[in-house]
Amino acid sequence: MDADGDRDGSPGVDPARALADGGRPEWYRDAVVYSLDVKTFQDSDGDGWGDFRGLIDRLDYLDELGVDCLWIRPFYPSPLRDNGYDVADYRDVDDRLGSLEAVDALVEAADERGIRLITDLVLNHTSVDHEWFQRAREDPESKYHDYYLWTSHVEQAYNTSNIFPEYEDGVWSYDEVADKHYFHQFYNHQPDLNVANPDVQEELFSIAEFWLERGIDGFRIDAAHPMVLPKGHNAHRMDDPQWFFRELKRRAREVNDEAVLLAEADDEPDRLDFYFAGGEAFDALFNFVGNSHVTYGVGVEDTWPLYRMFEQIPDADPDGHVWWANFLRNHDEWNLLKLPHEALEHAREFFREGHGDGRDSWIFGRGHRLRLADLYDGDHDRIAMAHSLLLSLPGTPILFSGDEIGMHADLDLPERQAVRTPMRWDGDEPNAGFSTADPADLVLPVDGTGWPGVFQADVAGQRGVAGSLFERVADATAARADSPEVARGDCSIVHVDPKEVWAHRFDHDGTTLVAVHNFADEPREVTVDFDVAAGDAERVVGDADYRVGDGAATVTLDGCGYLWLRGRRR
Ligand code: NOJ
């Protein structure tokens, strides 16, 4: 790979506008996705809230990082009791963040750079502030009453545990106006929609159409798993949930034939096939099994979790119907429930070490409200290696805003807000360059202290600085763009001896690409099959030394070292 040619979004496979055989869009398989929250990314008007105009001003940064697609977290009008996942109006924009016209301007500016946009669609529930709920509670005769799930006999009603167990006792709350209880799997201010109701289904389809008509390229469907769980007094389910998702896709594709649907479905591994529906429903699923196993394995310097992850999930299938959206961290807690129990217990203690100030990062009985930099003790070599690994896995990689510079969590903030503080652009500027507002007016504090002695990362200290974390992540995104093997090749695990080294390979169109990652802090050497003439071997990314000969490559890795090596097979 030539060193500079690849930062300009000129991937080995042109993801532009192509539909594969069978009419499926291809672009998302090659894309590097970046997840951000507009309100904490860049404030352009000094009111303390990030906004669409500020995001547009920062597109060059994202372009330079090698981002092909933004996943924009909820920006709709909302009381923000769950960071916007409590939607009060699906067809508008929180006016502190911008307007519908500002979204149009972003669509246009992003398109000029070849960057696509995916937004969050929260279809499982609304905010209690949504007009539907207000009308529902006021008038039991109105059609909106049946948009939600009510009971007058809560003692006899179906009950189950709430998804936020630290905050909610169960799934029913009393509403004084309706004089009934309503069903909610999340916070009590997020009543579940009666998604089995055809009127509700039609509303949800038309919301998707509304945003696609504005130029959005697809959706992250929030809480897809809770959507299909039993709901309401009689534990009712949608008659045919696959039909709902298939129909959502059909309606979406009618507006935009390259629209993609990405599911947040943290279901059991043997249930995941269901969401793909043989290629007819979701195009990709978040890889929650991968998230817990990969981030844990890299942190504890052991590869067994990766072997286990590949055993548990259906194989990604470049031609077909199973595709993963891989990630190291996201804006929620680092959920460890997919790990075996002993490993979960180990992770609970292990990742608390090193911070030592007694503040508890454990939440919901299942995870840590920490960022990657906290999990890896601020070690940029480990964070860079983890990103290289992420970008080399079969599936679409999703970067979490701020992790590319090693931002830390702020445990002084409540709940998951700890991992959602504003982007740190320049530590020498007020509010680290996020906003010119008085710090008291910021949407969330800019993390300036963290744990005593912890280095506060910023963009200014890393962008353009050779060997910085930002530059290494950008090199890895460029490598991914230049490696059609990863999205399209046959992937296989390469078994190597040291348990701290993970190796896998792709075979595609006559070439082999081998990716080797050393989770240990100490150097390691491995030899892997590599049937390429020595002169044909090409370093794609990573600075490990290698020798090629006799059908093999011997790779000498520093602690946290990595290498992607490509060649034409003999
Ligand atoms: C998943 C989102 O990622 C999370 O932030 C939110 O609280 C729940 N869904 C409820 O919408």
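Residue numbers start at 1 and run along the sequence shown. Here the structure is a predicted model, which is why all the values come from computation and not from measurement. All ligand and atom numbering here is 1-based and tracks the order in the structure.
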Would you kindly check if the NZ (Lys) or CZ (Arg) of Arg29 is within the cone defined by 45 degrees around the ring axis of Trp323 and under 6.0 Å from the six-membered ring centre? yes
Exactly which residues line ligand 1, taking a heavy atom under 4.0 Å from it as the test? Asp82, Tyr85, His125, Phe164, Phe186, Arg220, Asp222, Glu264, His331, Asp332, Arg416, Arg420
Is NZ or CZ of Arg116 both nearer than 6.0 Å to the six-membered ring centre of Trp27 and within 45° of the ring axis? yes
What's the spacing between His293 NE2 and Phe310 CZ if we round to 0.5 Å? 11.5 Å
Does the cation-pi check pass for Arg271 over Phe274, that is, NZ or CZ under 6.0 Å from the six-membered ring centre and within 45° of its axis? yes
Give a yes-or-no answer on whether the side chains of Asn287 and Asn326 include a donor-acceptor pair shorter than 3.5 Å. yes
Under the rule for salt bridge (charged side-chain N to carboxylate O under 4.0 Å, His left out), what residues qualify as partners of Glu131, not counting sequence neighbours? Arg135
